[in-house]
Amino acid sequence: MRSHKRRRKRPGRARRVSRTARTRARRLPATCPRVESARAPAPALPAPRGRQRSLFGLSGRQLSDRRRPGSVPGRARALGVLPAASMESGEEALLLARRQKLERMRQRGQNPFANDLDARDRTLVAELRAKFAKALLDPAELRYDAERVASLAAEERFHVCGRLMARRGFGKASFFRLRDRSGEIQLFAKQDVMGEAFAALEDVDLADHVEVRGRAMVTKTGELSLELAELRVLSKAMRGLPDKWHGMTDADLRYRRRYVDFVATPEAAAVIRARGIIVQGLRDFLDGEGFLEVETPTLGTLVGGATARPFATHHNALDLPLFLRVAPELYLKRLLVGGFERVYEIGRCYRNEGISTRHNPEFTLLEFYQAYATYDVLMHATERLFRHVDAFLSERLERLGFATDVRRWHAARTFTLAEPFARVPMRESVARSLERASLTTEVLDRLEALAFDQKTKSAAHADADGWVALWRTRSPRANSVDWSNLRRALAGCGSAGERLFVAYEYLAEPFLAEDYRSADGSKSLPVFIIDYPAEVSPLARRKDADPTLVDRFELFIDGRELCNAFSELNDPADQEARFLHQVELKQKGNAETMDYDADYILALEHGMPPAAGFGLGVDRFVMALTGQPSIRDVIAFPLMRPEE
RNA sequence: GGGUCGAUAGCUCAGUCGGUUAGAGCAGCGGAUUUUUAAUCCGUUGGUCCUGGGUUCGAGUCCCAGUCGACCCA
């Protein structure tokens, strides 16, 4: 019977939902047991081979048993009353041990999943520490003075709830470490204090949720502790915690079992905590500027607001094909038409594109729109917003007792928000980077001739290969440019504007963090790239001085794009022409385009005030402020290919 | 798409030139211990060495293919 109990570790699937993976799944032969068991409810089938990773404390075998009502072996096993001889692995043994303790508790009349907790007099660990702050001798090591603690609260009994994180037994005494949402504190259990209750500690396991009562005291090493009078299990954990020292390091496991990761990896939890505060900080800033938070549709019949490939779905009752939104932009601007001068939305958007350290299929976007403002106004607002949220985050975390997280993130930061952000027109940023690569503007002058068509395997100009070979020798930077992809991308361009944009992406963007530095050169400087080509900005207003460009900026921090903003196009005729261009591109086979939105044109015809709009990738913003290298680290549950 | 490295107990990891019955720490279980904090000490359970082929008297180890992961390149 061991045959189905296969190795469960790292059965992981591709991070990327690749085409090959999908076709592989479809190509599974009909005889594959995995496919059969997934389709057929037939109870006679063996347990599905792949579905062995335990769920809710039950093995795959038990799960399949559970699908059969009245299945005695499954229930008996789940209750832990089958003999140890039926154990199939070390994991089973660990579960069994805990089930037996659970049964002992029930036999004693204790509910291992208590439902009668009264936490009105509960004290948080942080509150406890605050109460004894005056007795703190060494803040770094959290050492306390015993006499001062005693005089501050000699007989007061504290009620604390949390999860048990560590245990050290000494026969007639025991130390525990308890964690609640605010921090951790040591518990000291002594037989002569607890009496008979001490014996029941044998049924307590690491990871259990407990409530304790006891007085505060200081051990001889100076650690503030609760001397227990009582300890009661509130919720029995059927599984323990990962290695107490190394924690959980397998990346796949961490993202799949995020609930364990957050317990075992304090940094992972700190990032999610920071994220909540950052979003609060964004609201705090915008509310202070008189913006109204609104909600707009995430389901629609058209794709608009960004050039991106959408997720398609279907409404049954209306028999209507629908798309999940790629951006809220067009609805927020309809609200401008409707008289709301300052609106914002923080919401989930969905783009059916690749997954990377900077992309998750669903992500959070902040967009705000301000009537009677220009993109220049928004650049100032962006700087204030970033500094406000950063300070807000630090202040809140310090108040919550997580100052060390703030200090750690600040120390590791490779950029600064303290100095004015750089502002560079796109063309200038390319020219500057070329200069640093000893290439001057000759590259910019030959963009069209550089194009290399992947299909025909031919260059637009016969000498192009030679130019590149020569340029590569000019400097290390010139050599590190991704020339082949640049030339491929140029071949797909239909206008000078698109070529400039491509040139910027390959020649300037990868070097932004090097080219724009703080006054002392020690940090990278956030940089606004401004004045984008109109061809790549279908919703932005043209520059009065140069109609081939638009009043638009993107903000880059450490070379990563965080913001996109522009003065809004409110001329319905111009907008109509831009939509038509998008439709043209779609007909040529480009999947990342917008649809023609007739109702939006109609709205513009009713008069949209001059306005500027702003978008911020909230996930990337959190990455920047907390120094996380992957977007998966700032999302509580990033998308994973499901386990089989 | 290509390259490099990796997958061994619930967790974190060793495993020599291919050679006895695959090891350690943590967690678990049994015992000792009333001030530890990665507690300590004694004993102990737990493994389809990612999957499938192959080479071999013999494979965790070598070869081939595949799956998945990390990093780098395009």
Side-chain angles (χ1 to χ4, degrees), chain A residues 1-16 18-21 24-25 28 34 49-50 52-54 57 59 84-85 87-101 141-143 146 164-178 184-194 198 202 205-207 217-225 227-228 237-257 260-261 263-265 357 454 480-489 506 629-630 632 640-641 643-644:
Chain A
M1 240 17 256
R2 299 181 75 99
S3 62
H4 77 276
K5 189 70 198 179
R6 61 201 283 263
R7 177 92 181 117
R8 290 147 49 280
K9 194 183 175 188
R10 298 179 191 93
R13 315 298 309 156
R15 282 181 148 203
R16 199 174 297 266
S18 68
R19 185 168 297 119
T20 50
R24 172 171 44 73
L28 280 173
R34 188 178 296 146
R49 236 173 96 78
Q52 295 308 329
R53 168 135 324 165
S54 303
S59 72
M87 286 178 353
E88 288 172 353
S89 72
E91 187 177 21
E92 285 290 322
L94 294 175
L95 286 169
L96 185 64
R98 295 208 175 208
R99 280 189 215 115
Q100 283 166 348
K101 291 179 185 178
E141 297 286 324
L142 285 180
R143 295 295 161 221
L164 292 178
M165 300 301 295
R167 171 180 211 167
R168 293 176 290 277
F170 284 84
K172 298 191 179 72
S174 257
F175 293 93
F176 297 89
R177 179 146 284 268
L178 176 142
E184 297 188 1
I185 192 154
Q186 177 167 273
L187 311 176
F188 186 24
K190 288 201 288 187
Q191 189 177 46
D192 54 12
V193 175
M194 296 184 74
F198 186 83
E202 70 177 7
D205 282 305
L206 294 188
M217 48 85 72
V218 175
T219 65
K220 75 175 182 189
T221 55
E223 173 131 8
L224 182 65
S225 309
E227 186 186 78
L228 294 191
M238 302 311 295
R239 291 169 183 275
L241 299 165
D243 188 289
K244 66 182 169 188
W245 188 242
H246 301 95
M248 195 156 62
T249 59
D250 184 89
D252 188 67
L253 252 193
R254 282 188 51 211
Y255 294 128
R256 285 187 189 284
R257 310 231 285 238
V260 179
D261 188 31
V263 177
T265 318
T357 51
Q454 200 59 21
S480 72
V481 167
D482 184 352
W483 292 102
S484 58
N485 275 334
L486 163 63
R487 296 179 64 191
R488 203 175 303 170
Y506 285 91
S630 167
R632 296 187 151 209
M640 302 288 286
R641 174 179 275 274
E643 293 180 83
E644 290 176 359

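Every chain is numbered from 1, with letters handed out A, B, ... down the list of sequences.
Annotation: B:rG28 and B:rC11 have their C1' atoms spaced 12 Å apart (nearest Å). Taking atom P in both B:rU48 and B:rU55, one finds a spacing of 26 Å when rounded to whole Å. Nucleotides B:rG10 and B:rG53 have their C1' atoms positioned 31 Å apart, rounded to a whole Å. For B:rC26 and B:rU45, the P atoms lie 16 Å apart once the distance is rounded to whole Å. Taking atom C1' in both B:rG3 and B:rU8, one finds a spacing of 26 Å when rounded to whole Å. Spacing of C1' atoms, B:rA39 relative to B:rA32, comes out at 14 Å, to the nearest Å. Atom name C1', nucleotides B:rU16 and B:rU34: the rounded distance is 47 Å, in whole Å. Here the separation of B:rU40 from B:rU51, taken at their P atoms, is 34 Å to the nearest Å.
A syn orientation is assigned to B:rC17, its glycosidic angle lying within 90° of 0.
At a cut-off of 3.5 angstrom, the base of B:rU36 holds at least one donor-acceptor pair with the side chain of A:T219. For B:rU12, the base has no donor-acceptor partner in the side chain of A:D250 [N/O atoms by modelled type, under 3.5 angstrom].
One atom, CE of A:M165, and another, C1' of B:rC26, lie 14 Å apart when rounded to the nearest Å. Summarising the geometry, the separation between CG on A:D205 and C1' on B:rG10 is reported as 13 Å, rounded to the nearest angstrom. Between A:L95 atom CG and B:rC29 atom P there is a gap of 13 Å when expressed in whole angstrom units. In this structure, A:F176 atom CZ and B:rA39 atom C1' are separated by 14 Å, rounded to whole Å. Between the C1' atom of B:rU12 and the CZ atom of A:R254 lies a distance of 14 Å, rounded to the nearest Å. Rounded to a whole Å, the CG atom of A:L253 is 20 Å from the P atom of B:rG6. Taking atom CG on A:L94 and atom C1' on B:rG46, their separation rounds to 8 Å, with Å as the unit. A:R488 has its CZ atom 13 Å from the P atom of B:rG1, to the nearest Å.
The minimum heavy-atom distance between A:F188 and A:M217, with the atom names listed, is CD2-CE, 3.6 Å. Summarising the geometry of A:A264 relative to A:P242, their closest heavy-atom pair is CB-CG, 3.8 Å, with the distance given to 0.1 Å. Shown here for A:F176 and A:A189, the closest heavy-atom pair between the two residues is CE1-CB, 4.2 Å. Scanning all heavy atoms of the two residues, the minimum distance from A:L241 to A:V263 falls at CD2-CG1, 3.5 Å.
Of the candidates B:rU36, B:rG28, B:rA74, the closest approach to any side-chain atom of A:F175 belongs to B:rU36. In this structure, of B:rG10, B:rU36, B:rC11, it is B:rG10 that holds the atom nearest to the side chain of A:E91. Residue A:K244 places its side chain closer to B:rA38 than to any other of B:rA38, B:rU36, B:rC29. The listed nucleotides are B:rU35, B:rA74, B:rC11; the one nearest the side chain of A:D243 is B:rC11. The A:A97 side chain lies nearest to B:rC29 when the options are B:rU35, B:rA39, B:rC29. With distances taken from any side-chain atom of A:K101 to the nucleotides B:rU34, B:rU35, B:rC29, the minimum falls on B:rC29. In the set B:rU12, B:rA38, B:rU34, the nucleotide with an atom closest to the side chain of A:M248 is B:rU12.
The nearest heavy atom of RNA chain B to A:S480 and to A:E223 marks one nucleotide each, and the one closer to the 5' end goes with A:E223. Sequence order on RNA chain B of the closest nucleotides to A:V481 and A:H246 puts A:H246 first from the 5' end.
Within the nucleic acid shown, A:G247 comes within 4.0 Å of sugar-phosphate atoms alone, with no base atom in reach, counting heavy atoms only.
Pairing for B:rC11 goes to B:rG25, judged as Watson-Crick or G-U wobble with the two contacts each under 3.5 Å.
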